Amino acid sequence: MDQAAIRRKLTRWYDRARRDLPWRRTSDPYAIWVSEIMLQQTRVVAVIPYYERFLKRFPRVEDLAQAAEAEVLSLWSGLGYYSRARNMQKAARQIVEAGGFPRDYESIRALAGVGDYTAAAVASIAFGLPHAAIDGNVRRVVMRLAGDPSVDVGATATQLMSRRDPGRWNQGVMELGAVVCLPREPLCAGCPVSGECEAHRLGIQRNLPPPKKKPAIVRKERSLLVIRRKGRILLTPSARVSGFWELPEVFPGVRLGTKLGAFRHAITNSQYYFEVREARIATRPRECRWWDENKLGEIPLSTAAKKALRCLNASSIAP
DNA sequence: GAGACGTGGAA
DNA sequence: TTTCCAAGTCT
């Protein structure tokens with residue numbers, strides 16, 4: 001591998017690619033950190049509106065530290081991996097207590113919800129520190145450049161990394177992986193470093209990284225209940241995602257009514273088939289609460305509950 | 001170290 | 001329609 005050529009061509013390519021990403025326009029470590037947390041296992045197009053809404057509401061880390069958890073979760077609702085939001089607020093309070101955003105790798109790594117990848121990304125992008133950020137994109141790009149699935153990705157990425165601008169390099173490799181060096185069908189014709197790529201030379205780029213075995217999808221059928229009384233609707237605290245509210249499922253003493261709709265909802269390795277059904281109760285289960293139907297926008301509602309309420313609204317418009 | 005954790009877009 | 005999996009972290 002001609003490392004210098006790879007470094008030069010790839011950073012030059014990155015300087016011209018995707019200049020519109022909102023987090024490329026900031027040098028605020030807090031904003032960069034927010035973007036990196038949101039981008040964990042989440043596509044750029046999904047993150048952009050959340051990122052902008054989040055920073056508008058919480059422009060400074062102090063604002064996030066002082067916010068109510070329910071509001072943070074509301075702003076996060078729909079993004080997934082909600083422990084990220086809770087950890088972020090925990091970390092925001094750590095930061096405020098420490099008197100400012102941490103400025104070295106170890107201190108950044110110590111924040112709640114920040115692992116090796118995010119610490120390296122923030123340290124390099126916000127502070128120019130020479131830490132290679134290793135994510136799924138970097139693993140794929142490095143394995144392909146080396147043409148070898150057993151290559152030491154961390155060591156190779158560190159060797160390749162620009163010492164002059166580690167943040168630009170890290171983002172460049174990730175961006176290349178995201179838009180050119182795609183997992184299934186890499187766009188080698190448009191790749192700035194295909195001439196330096198060993199996998200491309202050997203024609204094995206589609207086989208790298210080797211496929212991982214997938215756990216079986218479990219299918220589950222459930223009912224979500226719409227129990228209304230005087231403009232209010234019964235919700236139960238989410239058992240899965242604490243801080244969120246759900247429509248109740250079947251429980252002892254409930255009387256089921258007509259079916260209002262159905263939808264699918266996938267959660268990790270489970271594929272749920274939900275039917276939405278009217279229901280009535282004599283006594284309210286202890287954990288449940290009545291919520292004003294006009295104020296549901298103000299509380300953290302699970303995505304499944306939102307989908308269910310959507311078919312509810314559709315049916316009330318066209319009964 | 002395997003498994004859990006969310007969601008939605010692309011193939 | 002189903003399958004894959006994305007700027008990972010935590011337990």
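Predicted model, so just to flag it, every value in this text is computed and none were measured. All chains are named by letter (A, B, ...) in the order of the sequence lines, taking the proteins before the strands, and each is independently numbered beginning at 1.
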Sugar-phosphate, base or nothing in reach of A:Glu175, heavy atoms under 4.0 Å:
base
Under 4.0 Å, counting only non-hydrogen atoms across every strand here, what does A:Thr118 touch: a base, just sugar-phosphate, or nothing?
sugar-phosphate
Among side-chain atoms of A:Ser162 and A:Asp165, is any donor-acceptor pair under 3.5 angstrom?
no
Could you tell me whether the side chains of A:Ser223 and A:Glu249 share a donor-acceptor contact shorter than 3.5 Å?
no
Assign A:Ala133 to base, sugar-phosphate, or nothing according to its heavy-atom contacts below 4.0 angstrom with the strands shown.
nothing
Between CZ of A:Arg140 and C1' of C:dA6 the distance, given in whole Å, is 9 Å
In whole Å, what is the span from the CD atom of A:Gln171 to the P atom of C:dA7?
13 Å
Tell me, do A:Thr118 and A:Ile37 make a side-chain contact under 4.5 Å, heavy atoms counted?
yes
With a 4.0 Å cut-off on heavy atoms, is A:Val114 in touch with a base, just the backbone sugar-phosphate, or nothing at all?
sugar-phosphate
Touch class at under 4.0 angstrom, heavy-atom based, for A:Trp23 against every strand present
base
Return yes when atom CZ of A:Arg103 has more than 12 non-hydrogen atoms of other residues, nucleotides or ligands closer than 6.0 Å, and no otherwise.
no
With a distance cut-off below 6.0 Å to the six-membered ring centre and an angular limit of 45° from the axis, does A:Arg53 pair with A:Tyr50 as a cation-pi contact?
yes
Output a table of nitrogen or oxygen pairs between the protein and nucleotides 6-10 of chain B separated by less than 3.5 Å.
residue	atom	partner	partner atom	Å
B:dG6	OP1	A:Tyr82	N	2.6
B:dG6	O4'	A:Tyr81	N	3.0
B:dG6	O6	A:Tyr81	OH	2.8
B:dG6	N1	A:Gln41	O	3.1
B:dG6	N2	A:Gln41	O	3.3
B:dG6	N2	A:Thr42	OG1	3.2
B:dG6	N2	A:Leu79	O	3.3
B:dT7	OP1	A:Tyr82	OH	2.8
B:dT7	OP1	A:Thr303	OG1	2.1
B:dT7	OP2	A:His265	NE2	2.8

On the ring face of A:Tyr14, is A:Arg19 found with NZ or CZ under 6.0 Å from the centre and within 45° of the axis?
no
Nearest-angstrom distance from the residue atom CH2 of A:Trp169 to P of C:dA7:
16 Å
So A:Arg264, base contact, sugar-phosphate only, or nothing? Heavy-atom distance under 4.0 Å.
base
